[in-house]
There are 2 protein chains.
Amino acid sequence: MRKGEQTRSKIMDIAEAAILAKGFDATSIEEIIEEVDITKSGFFYHFKDKNSLAIALLRRYIDREEALFDKLFGRAAELHEDPLHAFLIGLRLFAEMMSDLPTIHPGCLVAIYCYNERLYNNEIRSLSQESALAWRARFQEILEEIAAKYPTKDEVDLVALADMISSTFEGGIAMSKILRDQNVLPDQILLLRSYIKLLFLD
Amino acid sequence: MRKGEQTRSKIMDIAEAAILAKGFDATSIEEIIEEVDITKSGFFYHFKDKNSLAIALLRRYIDREEALFDKLFGRAAELHEDPLHAFLIGLRLFAEMMSDLPTIHPGCLVAIYCYNERLYNNEIRSLSQESALAWRARFQEILEEIAAKYPTKDEVDLVALADMISSTFEGGIAMSKILRDQNVLPDQILLLRSYIKLLFLD
DNA sequence: GGTAAAACTGCACTTGCGGTACGGAAATGA
DNA sequence: TCATTTCCGTACCGCAAGTGCAGTTTTACC
């Protein structure tokens with residue numbers, strides 16, 4: 001890795017942690033550069049303004065989430081050939097992962113940006129929407145495979161059900177933060193899992 | 001209503017709308033006073049600083065939500081004497097109300113503050129936590145009444161299940177905003193309703 | 001080991017916003 | 001009428017974002 005990339009990712013690491021902890025506007029460039037130990041000019045060498053830092057962070061965050069889900073549900077598919085049971089395993093792995101975090105979940109960047117909308121960040125809005133649509137497509141595919149094999153016990157829209165995974169994630173993180181209770185998020189994922197189970201299984 | 005209260009609530013109305021639309025920090029005092037048509041001195045006569053405006057807004061918001069839930073599930077209890085069916089009716093009324101909004105849901109102030117944590121707002125954190133605990137207590141009571149009559153089809157923690165209502169609300173709002181689709185929130189509430197149905201009813 | 005490009009530093013400046021201070025004026029209500 | 005409430009006007013401070021640019025060091029590569 002070249003030196004510039006190193007500094008750039010160090011800026012991003014420190015900025016992301018601060019933003020998740022305090023919010024975007026509450027995080028000043030000055031505090032970031034102090035922790036990274038560079039000057040303001042150095043910062044603006046890597047990012048043309050604060051907004052472009054925000055976009056870079058969001059892209060990286062989305063990619064990482066994507067990779068995480070790939071790994072999680074890929075592993076689950078290895079553990080069971082049936083789509084429903086594989087999905088149920090995936091959800092449990094997901095809950096366990098959220099439960100094993102050292103502290104409360106640091107928060108979702110997409111949610112932070114969605115609650116800090118500005119006029120100048122159309123790109124951020126589009127990126128967020130696209131990633132949410134990608135999550136929807138991912139889970140919709142899984143659910144359709146399941147629904148083809150297992151009839152549902154209640155009439156549901158599979159698209160809405162696909163969104164329920166993201167919604168549970170976002171809601172669970174928010175409630176974990178509000179209640180200051182780390183267990184809320186994994187508990188909510190397990191309730192979602194319980195619903196999937198009751199909906200498709202006997 | 002006295003003149004001062006009028007101005008005060010006008011400030012709060014305009015501030016709340018702007019904050020929900022753009023975020024707390026992105027909303028400047030200067031733009032608020034311009035729309036209210038007062039001066040900066042006028043603003044600081046009513047609120048000693050921006051943070052105390054935030055607190056006032058949060059208190060009002062929490063009270064309104066509380067009143068809304070009272071009305072919603074109170075009405076539902078009038079419509080059916082059985083606790084489970086009353087709750088299912090309440091959830092449907094809730095979903096309908098969210099569906100009948102003229103635009104996308106403006107957002108939840110509690111969530112906004114939870115994603116804009118700062119050092120100086122311990123009071124905001126406490127208020128948010130208290131209101132979340134109040135929501136939990138409200139729904140926990142209902143669910144225990146239901147559980148006493150109907151055995152659950154899956155093993156679940158009733159406290160987590162009570163939190164699921166708030167979590168679904170927060171997650172649904174966030175996903176509605178991210179996807180820019182008004183229907184996501186009511187759809188998520190209906191899925192929650194479907195789960196409650198499958199969980200307690202055969 | 002020289003050299004060009006990359007990766008910064010230093011500094012001076014502008015703008016916008018939150019917030020303070022305080023005197024005074026106008027509206028309101030008993 | 002008269003005190004209290006509800007503001008207005010103005011001048012000011014400090015902080016952070018962001019600009020501009022010249023200069024310096026560091027790195028990668030032949």
In whole angstroms, the gap separating C1' of dC17(C) from CG of D49(B) amounts to 14 Å
Could you tell me the separation between the OH atom of Y45(A) and the P atom of dT19(D), rounded to a whole number of Å?
-> 17 Å
Could you tell me whether S41(B) contacts a base, only the sugar-phosphate backbone, or nothing, with contacts defined as non-hydrogen atoms closer than 4.0 Å?
-> base
With sequence neighbours excluded, what pairs up with E31(A) under the salt bridge (Lys or Arg N to Asp or Glu O under 4.0 Å) test?
-> K22(A)
Which part of the nucleic acid does S52(A) contact within heavy-atom distance under 4.0 Å: base, sugar-phosphate only, or nothing?
-> nothing
With sequence neighbours excluded, what pairs up with R138(A) under the salt bridge (Lys or Arg N to Asp or Glu O under 4.0 Å) test?
-> E66(A), D70(A)
Once you round it to whole Å, what is the distance between P of dG9(D) and CD1 of I38(B)?
-> 12 Å
Could you tell me the separation between the CD atom of Q6(B) and the C1' atom of dT6(D), rounded to a whole number of Å?
-> 12 Å
For residues 166-178 of chain B, the side chain to side chain donor-acceptor pair (under 3.5 Å) pairs (sequence neighbours left out) are none
Can you find an N or O donor on one side and an acceptor on the other, under 3.5 Å apart, linking the side chain of K40(A) with the base of dG10(C)?
-> no
Does CD in E96(A) sit with more than 12 non-hydrogen atoms of other residues, nucleotides or ligands closer than 6.0 Å?
-> yes
Establish, with yes or no, whether the OP1 or OP2 oxygen of dG16(C) is under 4.0 angstrom from a side-chain nitrogen or oxygen of S28(B).
-> no
Determine to 10° how strongly the helix from dG1(C)-dC30(D) to dA30(C)-dT1(D) is bent, judged from the axes of its five-pair ends.
-> 30°
Counterpart residues, salt bridge (Lys or Arg N to Asp or Glu O under 4.0 Å), relative to E16(B) (two or more places apart) | R60(B)
Whole angstrom value for the distance that separates P of dA16(D) from CD of E30(A) | 5 Å
Any donor-acceptor N or O pair under 3.5 Å, side chains T7(A), Y45(A) = no
Separation of dC8(D) P from I29(B) CD1 (nearest whole Å) | 15 Å
Look at H46(B) and dT6(D) and indicate whether a side-chain polar atom (N or O) is within less than 4.0 Å of OP1 or OP2.
-> no
Which pairs with one or both residues in residues 73-82 of chain A pass side chain to side chain donor-acceptor pair (under 3.5 Å), sequence neighbours excluded?
-> R75(A)-E78(A), D82(A)-K149(A), D82(A)-Y150(A)
Separation of atom CD1 in I32(B) from atom P in dG16(C), rounded to whole Å = 18 Å
Starting at atom CZ of F44(B), determine the distance to atom P of dT6(D), rounded to an integer number of angstrom.
-> 18 Å
